[in-house]
Amino acid sequence: MTEKFADTVRAVSHERVGVADLEVGYKTALGSRRSTLFAGPWLSSRVEELEVEIGDIGRDHMLLGDPLILNSRKVGGKKHRLALPDTPLVRELQREMDEINGWLAGADIEYLFCPVSDGVDTGQRYLRRVFNNGSLDLGGRLFHGFWQGMSEEKRLTGILVGGEPVVSLDFAQMALHLAYGEVRAPVPEGDLYAIPGYAAHRTGLKKVINALLASDGLPSRMPRGTRAHFPATVKFSHVYQAICAHHSPLAPLFGTASALRFMNTESRVIVRALLELKAKRVVALPIHDCLLVGRGHEGLAKEVLEQSFRAIAGAEGRVEVERSSLEARVVVEKSYLEGMSRLPLKRGA
């Protein structure tokens with residue numbers, strides 16, 4: 001393909017073929033433009049005749065390469081792709097992803113708004129698991145689905161799965177639940193980021209805790225991006241001591257670069273849930289620790305996610321459901337009206 005690509009482009013854009021129109025790129029001192037292909041007269045007429053839409057165009061997932069990517073450690077801020085070992089584990093991970101990608105390739109997934117102006121290609125649904133630091137035990141999140149780069153509101157209002165609007169099923173406070181699962185300690189009740197004495201600084205506390213889990217070694221000052229969330233008089237040592245006091249079972253994990261390990265557990269939870277939902281004929285679209293499903297499958301998907309978390313992480317995970325702001329308002333209004341209808345009416349009302 002690489003060697004013959006230029007010849008192929010010239011052939012399909014020949015005036016006697018009419019498949020494509022070619023606008024050759026250029027470079028000047030004032031700027032440059034890439035060569036661009038447009039639909040030619042023959043192709044345009046066939047598209048119109050057959051009523052082809054963007055949603056009809058897909059990809060043969062069997063031709064899209066290995067669904068696993070193993071990256072090296074970063075050296076000088078750069079990483080490179082490593083060859084995968086030929087082991088039973090790798091073959092099993094590939095089989096799982098082939099099953100998921102084959103299922104998504106034939107799924108009924110639509111986008112309601114203009115895909116061209118929004119840069120949405122519903123055929124881009126071939127997922128790859130990306131592992132880090134040369135280890136299949138680190139990272140492993142699923143990437144490259146068209147829905148992953150969209151805003152939450154665009155996803156919830158624009159995507160249809162099986163003709164239904166989607167809801168988002170998201171694990172609440174995932175990293176801390178995984179940490180408690182790893183140390184086999186019960187998860188405290190309530191908001192895990194609500195540290196006594198710092199209730200007004202929840203956003204900053206969340207960032208500090210996640211940085212403590214991600215960093216290789218304990219920081220001596222506020223981690224990058226967290227200082228602005230605390231008054232200048234608050235010292236990092238005081239915040240760290242409060243976190244350790246509130247989450248004492250997790251203190252040994254701080255500064256041990258646990259985040260990539262937790263991402264691996266998280267990804268295994270999601271893969272297990274995707275395969276379980278496929279077995280039940282339910283299409284789900286993953287976004288790291290979250291799934292999008294048609295709203296008719298909300299209850300089943302929530303149950304499957306929580307079961308998968310329990311089986312993989314050894315702890316209880318709490319799944320929260322998010323809808324589009326419009327749908328959420330309809331649900332609230334419907335509940336309100338149903339509640340009003342059950343109230344006893346006064347005489348003459």
Side-chain angles (χ1 to χ4, degrees), residues 71 73-74 77 79 130-141 169-270 287-290 305-320 322:
N71 287 326
R73 289 182 177 274
K74 284 186 177 181
K79 58 190 175 185
V130 180
F131 297 89
N132 304 93
N133 293 358
S135 173
L136 293 172
D137 294 325
L138 301 175
R141 281 179 164 178
L169 303 175
D170 193 0
F171 281 106
Q173 304 166 10
M174 179 76 148
L176 284 176
H177 279 81
L178 288 173
Y180 272 100
E182 181 165 301
V183 300
R184 294 295 189 264
V187 180
E189 296 290 332
D191 184 356
L192 300 182
Y193 294 116
I195 306 298
Y198 295 92
H201 310 294
R202 185 186 186 279
T203 300
L205 285 167
K206 180 178 179 180
K207 290 179 178 292
V208 169
I209 291 172
N210 287 333
L212 289 172
L213 292 172
S215 61
D216 186 6
L218 290 174
S220 58
R221 62 184 68 182
M222 286 288 188
R224 182 182 299 178
T226 63
R227 177 75 266 179
H229 297 282
F230 297 92
T233 55
V234 173
K235 295 182 178 180
F236 171 71
S237 59
H238 296 162
V239 174
Y240 176 67
Q241 290 168 9
I243 292 171
C244 287
H246 191 65
H247 293 298
S248 56
L250 305 186
L253 295 178
F254 295 147
T256 62
S258 303
L260 286 176
R261 194 168 66 250
F262 292 158
M263 284 183 191
N264 185 266
T265 306
E266 166 201 294
S267 69
R268 288 189 287 127
V269 170
I270 294 300
I287 312 167
H288 304 326
D289 62 348
C290 164
L305 271 174
E306 290 173 346
Q307 288 175 349
S308 296
F309 193 93
R310 196 177 303 117
I312 298 294
E316 295 296 324
R318 192 172 79 249
V319 175
E320 296 179 343
E322 294 185 26

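Along the sequence shown, the residues carry numbers beginning at 1. As a basis for the values below, the full set of heavy atoms in this structure was taken, side chains included, without hydrogen atoms, waters or symmetry mates.
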When you measure from the side chain of Arg227 to the backbone N and O of Arg224, does any donor-acceptor pair fall under 3.5 Å?
no
Identify the two heavy atoms, one from His201 and one from His229, that lie closest to each other, and give their separation to 0.1 Å.
ND1-O, 3.4 Å
For Pro249 against Ala185, the heavy-atom pair lying closest together:
CB-CB, 3.9 Å
Calculate, to the nearest 0.5 Å, the distance between atoms CG and CZ belonging to Leu213 and Phe254 respectively.
5.5 Å
Any Ser258 side-chain heavy atom under 4.5 Å of Leu212 side chain:
no
Rounded at 0.5 Å granularity, tell me how far CD1 in Ile209 sits from OH in Tyr240.
12.0 Å
Rounded to the nearest 0.5 Å, how far does CG of Asn264 lie from CD1 of Ile312?
10.0 Å
CZ of Phe236 to CD of Gln241, rounded to nearest 0.5 Å, is 10.0 Å
Sequence neighbours excluded and cut-off under 3.5 Å, please list the side-chain donor-acceptor pairs for residues 170-177, or say none.
| unit_1 | atom_1 | unit_2 | atom_2 | d |
| --- | --- | --- | --- | --- |
| Gln173 | OE1 | Leu192 | N | 3.1 |
| Gln173 | NE2 | Asp191 | OD1 | 3.0 |
| His177 | ND1 | Ala172 | O | 3.3 |
| His177 | ND1 | Gln173 | O | 2.9 |

Does Thr203 reach the side chain of Tyr193, with side-chain heavy atoms less than 4.5 Å apart?
no
Within this structure, what is the CD-NE2 distance for the pair Glu266 and His288, rounded to the nearest 0.5 Å?
8.0 Å
Contact summary for Gly139 and Ser267, nearest pair of heavy atoms:
O-OG, 3.7 Å
Within the structure provided, determine whether Leu260 and Met263 are in side-chain contact (heavy-atom separation under 4.5 Å).
yes
Could you tell me if the side chain of His246 sits less than 4.5 Å from the side chain of Pro196, heavy atoms only?
yes
Arg202 atom CZ, neighbour heavy-atom count above 12 within 6.0 Å
yes
Closest non-hydrogen atoms of Asn132 and Gly140, given as atom of the first, atom of the second and distance, are OD1-N, 4.4 Å
Side chain to side chain, Phe230 and Val208, heavy atoms closer than 4.5 Å:
yes
Would you call Val234 and Met222 a side-chain contact if the rule is heavy atoms closer than 4.5 Å?
yes
Answer yes or no: is there an ion pair linking Glu316 with Arg318, defined by an N-O contact shorter than 4.0 Å?
no
Check the pair Thr226 / Leu205 against side chain to side chain contact (heavy atoms under 4.5 Å, CB included), numbers first and verdict last.
CA-CA 8 Å; Thr226 63; Leu205 285 167; over 6 Å; no
Going by the angle between their ring planes, with limits at 30° and 60°, are His247 and Tyr180 parallel, tilted or perpendicular?
perpendicular
Mind checking the CG-CZ spacing from Asn210 to Phe262? Nearest 0.5 Å is all I need.
10.5 Å
